[in-house]
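In what follows, chains carry the letters A, B, and so on, assigned in the order in which the sequence lines appear, proteins first and then strands, with residues in each chain numbered from 1.
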Protein chains: 2
Amino acid sequence: MNTDFREKLQEKGLKVTPQRVAIFEAILKLNNHPTAEDIIAFIKTNHPNISVGTVYKVLDTFVENNLLKKVKTEKDSMRYDPHVANHHHLYCYETERIDDYEDEKLNELISNHFKTHKIKNFKIQDIKLQITGKFNNQ
Amino acid sequence: MNTDFREKLQEKGLKVTPQRVAIFEAILKLNNHPTAEDIIAFIKTNHPNISVGTVYKVLDTFVENNLLKKVKTEKDSMRYDPHVANHHHLYCYETERIDDYEDEKLNELISNHFKTHKIKNFKIQDIKLQITGKFNNQ
DNA sequence: TTATGCAAAGATAATCATTCTTATTTAGGA
DNA sequence: TCCTAAATAAGAATGATTATCTTTGCATAA
């Protein structure tokens, strides 16, 4: 998977740097749509000299190249998702947890609905559900 | 409608102040889910002495008392919606425009879907669609 | 081998939205 | 009218993010 990631960088004409690898690995390991801050804290142990600006710049580069997605939240800090295929999110209203949610049947249902119920003066590109609620422990 | 708003404030035990009235009127007039900045700019003409901190505090008070909703965006500034009943949003990917979208049939469709397709370990409280796309001019 | 070019990273200052602090003012009931 | 809690003003502080400017690393050409 590491090699996989390196290949993706190269496909996009991006250099494979230790910082980029470390940041991507951090996101995979952190695993709950981390903030830039989470990532910085995580990397600090192995890469104490990594610069905050670099993290933000690398994250932007990844988003531009579709290696990451930004996740909308109510709060002020952006979160990142290594899962770039189309999917929805479950937001917990008590904790900061955000889970991915995939549901092909639901997608079809919605897409069929809009085939027969066009929104006037609007061309749909993408539909995402924000499902707010509460996780049963664990 | 002005009297209406004053009554709402009083019902909640909130004082009716010129600032609160001005801020609420601004949001109604601005009419595209304004940011705090939009509101401040708008009010400046009639209330040159209104304080930035006041605007933020009043907005928070309104949100707490369900006179406004916050709207999630990809950007860093929060936007506000005087339409507090449950509804979805249309986001333009080219401009900052956000429109409300109501669709009772769609809500039923989705709600029925989740009756038969429970999400494991998650209790749904609310579902909102972020429909991204492009408005045809106008 | 050495020079050149350029993307990437480091350091840190700057920005921008938002929040906080403290003093002052005001709305609305007694 | 007076009183008091609630609300506002002013502006400093915070925190996330962006910008700037310099340096580094590495590939390619001379």
Asks: Which nucleotide wins on minimum distance to the side chain of B:Arg20, given the candidates D:dA7, C:dA9, C:dA27?
Replies: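 Minimum distance to the B:Arg20 side chain belongs to D:dA7.
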
Asks: Between A:Tyr56 and D:dT18, does any side-chain N or O lie under 4.0 Å from OP1 or OP2?
Replies: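 False: A:Tyr56 side-chain N/O out of range (4.0 Å or more) of D:dT18 OP1/OP2.
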
Asks: Is the side chain of B:Lys12 donor-acceptor paired with the backbone N or O of B:Asn65 at a distance under 3.5 Å, no angle test?
Replies: yes

Asks: Starting from P on D:dA10, measure out to CD1 on B:Ile50 and report it in whole angstrom.
Replies: 11 Å

Asks: Would you say D:dT8 has OP1 or OP2 under 4.0 Å from some side-chain N or O of B:Thr17?
Replies: yes

Asks: Figure out the CD1/P separation between A:Ile39 and C:dA9, and round it to whole Å.
Replies: 14 Å

Asks: Within this structure, what is the CD-to-P distance between B:Gln10 and D:dA6, rounded to whole angstrom?
Replies: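 Going from CD in B:Gln10 over to P in D:dA6 covers 16 Å.
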
Asks: Take the protein atom NZ of A:Lys15 and the nucleotide atom P of D:dC26, then report the distance between them rounded to whole Å.
Replies: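 Checked: the NZ to P distance equals 9 Å.
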
Asks: Expressed as a whole number of angstroms, how long is the span from B:Met78:CE to C:dT18:P?
Replies: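 To the nearest whole Å, that distance equals 7 Å.
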
Asks: Does B:Thr54 put a side-chain nitrogen or oxygen below 4.0 Å from OP1 or OP2 of D:dA9?
Replies: yes

Asks: What integer distance in Å separates B:Ile40:CD1 from C:dA17:P?
Replies: 9 Å

Asks: Could you state the atom-to-atom distance from NZ of B:Lys12 to C1' of D:dA7 in whole Å?
Replies: 19 Å

Asks: Should the heavy atoms of other residues, nucleotides or ligands under 6.0 Å from NZ of B:Lys123 be counted, would the total exceed 12?
Replies: no

Asks: Taking OP1 and OP2 of C:dG10, is either one under 4.0 Å from a side-chain nitrogen or oxygen of A:Gln19?
Replies: yes

Asks: Taking the six-membered ring for Trp, are B:Phe24 and B:Phe5 parallel (under 30°), tilted (30 to 60°) or perpendicular (over 60°)?
Replies: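 B:Phe24 vs B:Phe5 ring planes: parallel.
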
Asks: Return whichever of A:Asp60 or B:Gly13 has its heavy-atom-nearest nucleotide of DNA chain D closer to the 5' end.
Replies: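 The residue mapped nearer the 5' terminus is B:Gly13.
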
Asks: Counting N and O atoms only, with roles assigned by atom type, does the side chain of B:Asp38 sit under 3.5 Å from a partner on the main chain of B:Thr35, one being a donor and the other an acceptor?
Replies: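 Checking the backbone N and O of B:Thr35 against the side chain of B:Asp38, a donor-acceptor pair under 3.5 Å is found.
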
Asks: On DNA chain C, nearest-nucleotide positions of B:Lys57 versus B:Leu14: which is more 5'?
Replies: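 Nearest-nucleotide comparison on DNA chain C picks B:Lys57.
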
Asks: I want to verify a distance call: between D:dT20, D:dA7, D:dA16, whose nearest atom is closest to the A:Ser77 side chain?
Replies: D:dA16

Asks: Side-chain donor or acceptor of A:Ser51 under 3.5 Å from a matching atom on the base of C:dA11?
Replies: yes

Asks: Round to a whole Å and report the spacing from NZ of B:Lys72 to C1' of C:dA17.
Replies: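 Going from NZ in B:Lys72 over to C1' in C:dA17 covers 19 Å.
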
Asks: Verify whether one side chain among B:Asp99 and B:His89 offers a donor that lies under 3.5 Å from an acceptor in the other.
Replies: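 Checked: B:Asp99/B:His89 side chains show no N/O donor-acceptor pair below 3.5 Å.
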
Asks: Kindly point out which of C:dT18, D:dT17, C:dA9 is positioned nearest to the side chain of B:Ala36?
Replies: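 Shortest atom-to-atom distance from the side chain points to C:dT18.
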
Asks: As a test of reading the structure: which of D:dT17, D:dA9, C:dA8 is closest to the side chain of A:Val52, going by heavy atoms?
Replies: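 Nearest nucleotide to the side chain: D:dT17.
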
